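Since the structure comes first, as structure tokens, the remarks are kept for the end.
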Amino acid sequence: MKMRKKGRPLMKQGLILTMAGAAGLAAQAFEGRIEAVEVRGGPAQQFSWTVGSNMLCIARNGTDRPEAENLVALDTGEVTFVFPHNGSFMRCRPENKNQTSAGFPEMPLPPGGLPAGIGPSGFSGLPEPAVSMEMKMPELPAGMPAGIGPQAAAQPGPAGLPDMPGLPDMPTMPVEGAQRSLRRGEVEVSATGETTNLLGRVCTRYEIRDRRHVMEVWATDRLVPFHPWQQNLPPRNRHGRRSLEECWGELLQERKLFPLLATMKNEEGEPVPFEFRVTSILPGKQEDDARFRPPADFHEMHLPQF
């Protein structure tokens, strides 16, 4: 009678639990506090991001007056604007980018589609014309001098006469930079593949371009999707052209990146007075307490319905 070895199943279970625990730690979302400064041609502005398990609090610090706070629900994207100066708050749901604009509904098609002859169709189905459209050259009347009247296609000159030299091909204009190929209002985001370590975080270098500027961003996907601080509710219709300074944060948020360093240059390579720099990252468990909710004595304001 053979005895079964009971140690191997236990070893396998222990190995599976160890691997699962390591994967859980690797996939664990960041919690803690991030502080940064931003300069846009004036005094430096200080901001902080307090990241909880499912909430995010964005605040502007270092000012003498009360500033608005942005409370972001990370699962739904809903942003609550808290205004300490008048004791109010307002909720703003994220825009549905896949939703079509309001207008007339599409007309339903009849069963079986449109009847023949109605609607756009290809040229292959058109009937042949009854009259031939071929252009014929009229015959020359007798007695017309040479060079007068319709002429046949040009033929090579008679032997002994030199051929006329042709015009040289026009040279192709070189493209100086990728930003010149962008249309007005178009923005391009590309990863360069370069990496570095900033404040203990592995960051990848990205370039965000429009027609006139290029922004260099070192960002990581190991923190939280970037939400720039907003003083007021964004306008409902933001379909017009916006500057790179206004839309770069949303572009990183769509890619679930958080910037640790961002600078900007113009198309000539000259620095632009813009810089964003993270100064500290303090990991730590954040309880979803009152800091992620509007104060109880604040009153809620609602957006007008149009």
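Small disclaimer: the values here were computed from a predicted structure and weren't measured.
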Should Val278 and Val37 be counted in the same cluster of Ile, Leu, Val, Met, Phe, Trp and Tyr side chains packed under 4.5 Å apart? no

Nearest 0.5 Å please: distance from the CG atom of Asn197 over to the CG atom of Leu260. 9.5 Å

Which pair of non-hydrogen atoms, one from Leu257 and one from Ala219, has the smallest distance, and what is that distance? CB-CB, 4.0 Å

Take Arg40 and Glu38, measure what side chain to side chain contact (heavy atoms under 4.5 Å, CB included) needs, and give me the verdict at the end. CA-CA 7 Å; Arg40 298 194 181 192; Glu38 183 177 303; 2.6 Å; yes

Is any side-chain heavy atom of Glu35 less than 4.5 Å from a side-chain heavy atom of Thr279? yes

Could you walk me through whether Arg65 and His85 pass side chain to side chain contact (heavy atoms under 4.5 Å, CB included), step by step? CA-CA 8 Å; Arg65 59 181 183 180; His85 68 282; over 6 Å; no

Are Arg222 and Val202 close enough, and set up right, to give a side chain to side chain contact (heavy atoms under 4.5 Å, CB included), and what steps lead you there? CA-CA 8 Å; Arg222 299 302 179 91; Val202 178; over 6 Å; no

Rounded distance (nearest 0.5 Å) linking atom CE of Met55 with atom CD of Glu31: 12.5 Å

Rounded to the nearest 0.5 Å, how far does NE2 of His227 lie from CG of Leu74? 6.0 Å

Rounded distance (nearest 0.5 Å) linking atom CZ of Arg205 with atom OG1 of Thr195: 12.0 Å

Heavy-atom closest pair, residues Thr80 and Phe89: CG2-CD1, 3.9 Å

To check you understand the geometry: which heavy-atom pair defines the closest contact between Phe81 and Asn232, and what is its length? CE2-O, 3.4 Å

Contact check, side chains of Thr263 and Pro271, non-hydrogen atoms, under 4.5 Å: no

Is it the case that over 12 heavy atoms from other parts of the model lie below 6.0 angstrom from the CG atom of Asp64? no

Hey, can you tell me if Phe226 and Trp49 have their rings parallel, tilted or perpendicular (30° and 60° cut-offs)? tilted

Do you know the tightest heavy-atom contact between Tyr206 and Ala191? CE2-CB, 3.5 Å

Test Lys265 against Val214 for side chain to side chain contact (heavy atoms under 4.5 Å, CB included), laying out the working first. CA-CA 5 Å; Lys265 297 180 181 180; Val214 54; 4.2 Å; yes

Which atom pair, heavy atoms only, marks the closest approach of Gln231 to Ala68? O-CB, 3.6 Å

If you draw a 6.0 Å radius around CZ in Arg277, do more than 12 non-hydrogen atoms from other residues or ligands fall strictly inside? no

For the backbone of Gln230 and the side chain of Asn70, can you confirm whether one donor and one acceptor N or O come within less than 3.5 Å of each other? yes

Using every non-hydrogen atom in the two residues, find where Glu67 and Thr63 come nearest and quote the distance to one decimal. CG-OG1, 3.5 Å

Ion pair Glu267/Arg212, N-O distance below 4.0 Å: no

Determine, using the 4.5 Å side-chain heavy-atom cutoff (strictly less than), whether Leu261 and Val39 are members of one ILVMFWY cluster. no

Nearest 0.5 Å, please: how far is NE2 in His213 from CD in Glu245? 7.0 Å

First locate atom CG of Leu199, then atom CH2 of Trp218, and finally report the distance between them rounded to the nearest 0.5 Å. 13.5 Å

In terms of the angle between their ring planes, are Trp248 and Phe276 parallel, tilted or perpendicular, with boundaries placed at 30° and 60°? perpendicular

